[in-house]
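Here the structure comes first, spelled out in structure tokens, and everything after it is commentary.
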Amino acid sequence: MINFFAMQFSYLLFLMTSVTLIVSCDKKSESVAQSIELHNVNSTQPAWKSFSSLTFQTVRELPHDPLAFTQGFLLHEGLWIESTGLEDQSSIRRVEVETGKVLLMKELKGDFFGEGATVLDGKIYQLSWKNQQGFVFDATTLAWKKNFSYNGEGWGLTTDGKQLIMSDGTETIRFYDPTALKFTHTIEVKKSGQPIKMLNELEYVEGEIFANVWQTNEIVRINPTSGEVLGVIDLSGIDKAEEKKSVDHVLNGIAYDNDKKLLYVTGKCWPKIYQINLVEKK
Ligand SMILES: [Ca+2]
């Protein structure tokens, strides 16, 4: 009897050890699997980066003020921040995404013609076209903080989270230190060695600078270090259902939701904002 119980106990011990080992192995496998998954997530690039020639698929349409002559456009803390142009109609706005309702707006006085805008460290930086003056506002209250100066024309503005990145209507992109609002350097934007001029509204997207090319339906993707054009996004036809009231009502607004990886585009006085997916142009 003693031997029989001893054998039973040994068998039970063997089973328990085996179960512990299996659980332990499973946990180890799970840990390895999680590690591989995390590695893959970290190394995954958006699919569109593989193609130099891109077009779009519309995901959804959102309302946009048809009187907003869009010059700067971005998403900040769940709201559109929009800079509008034209004399006596220029403004900086906080706008509700789903409804297009303007929640807060500050008009630019005098002959200031609003241009590109971006948000960095809780502050909106906004350019004007020919006045060689920019403005800094509190991003939440739109309270004016100060002006800053630059040479030449102001067109588009974005940020990589550290620097202000500005276009001026030529093939040159300028970089500024936001703390001192001091010019640091430029890049020259070229595609196959040829300069790409008329770079307008900007957006920093996944380590690249996206730029609307004025009076075209093209966005160029720019290497922020070399200035080389990495690819072109053809948005022809995106606004075909819209009735254009002016030849000036061109594509000119790119906003990127970096958390959700969503891309939006609009144009000057377009009644809609389009959320789009980028796909290969065949
Ligand atoms: Ca933008």
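Counting starts at 1 for both ligands and their atoms, in listed order. The analysis underlying the following values was restricted to heavy atoms, covering all of them including side chains, and did not include hydrogens, waters or symmetry mates.
- Rounding to 10 degrees, one finds that the Ca ion (ligand 1) sits at the corner of an angle of 70° between Leu202 O and Glu201 OE1.
- Not one N, O or S atom of Ala255 sits under 3.0 Å from the Ca ion (ligand 1).
- The OE1 atom of Glu203 and the O atom of Ile254 meet at the Ca ion (ligand 1) at an angle of about 70°, given to 10°.
- Looking only at atom types and distance, the side chain of Ser149 has a donor-acceptor partner in the side chain of Gln133 under 3.5 Å away.
- No hydrogens or angles considered: a donor-acceptor pair under 3.5 Å links the side chains of Asn200 and Asn252.
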Can I get a per-line list of side-chain donor-acceptor pairs under 3.5 Å for residues 113-126, giving both atom names and the distance, sequence neighbours left out?
from   : atom 1 : to    : atom 2 : distance (Å)
Glu115 : OE2    : Gln71 : NE2    : 3.3
Gln126 : NE2    : Ser83 : OG     : 2.8
Gln126 : NE2    : Ser91 : O      : 3.2

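- Residue contacts to the Ca ion (ligand 1): Phe73 brings an N, O or S atom closer than 3.0 Å.
- With Tyr264 as reference, Trp80 is the one residue of Phe73, Tyr274, Tyr256, Trp80 to meet the ring-ring contact (aromatic ring centres under 6.0 Å, His included) rule.
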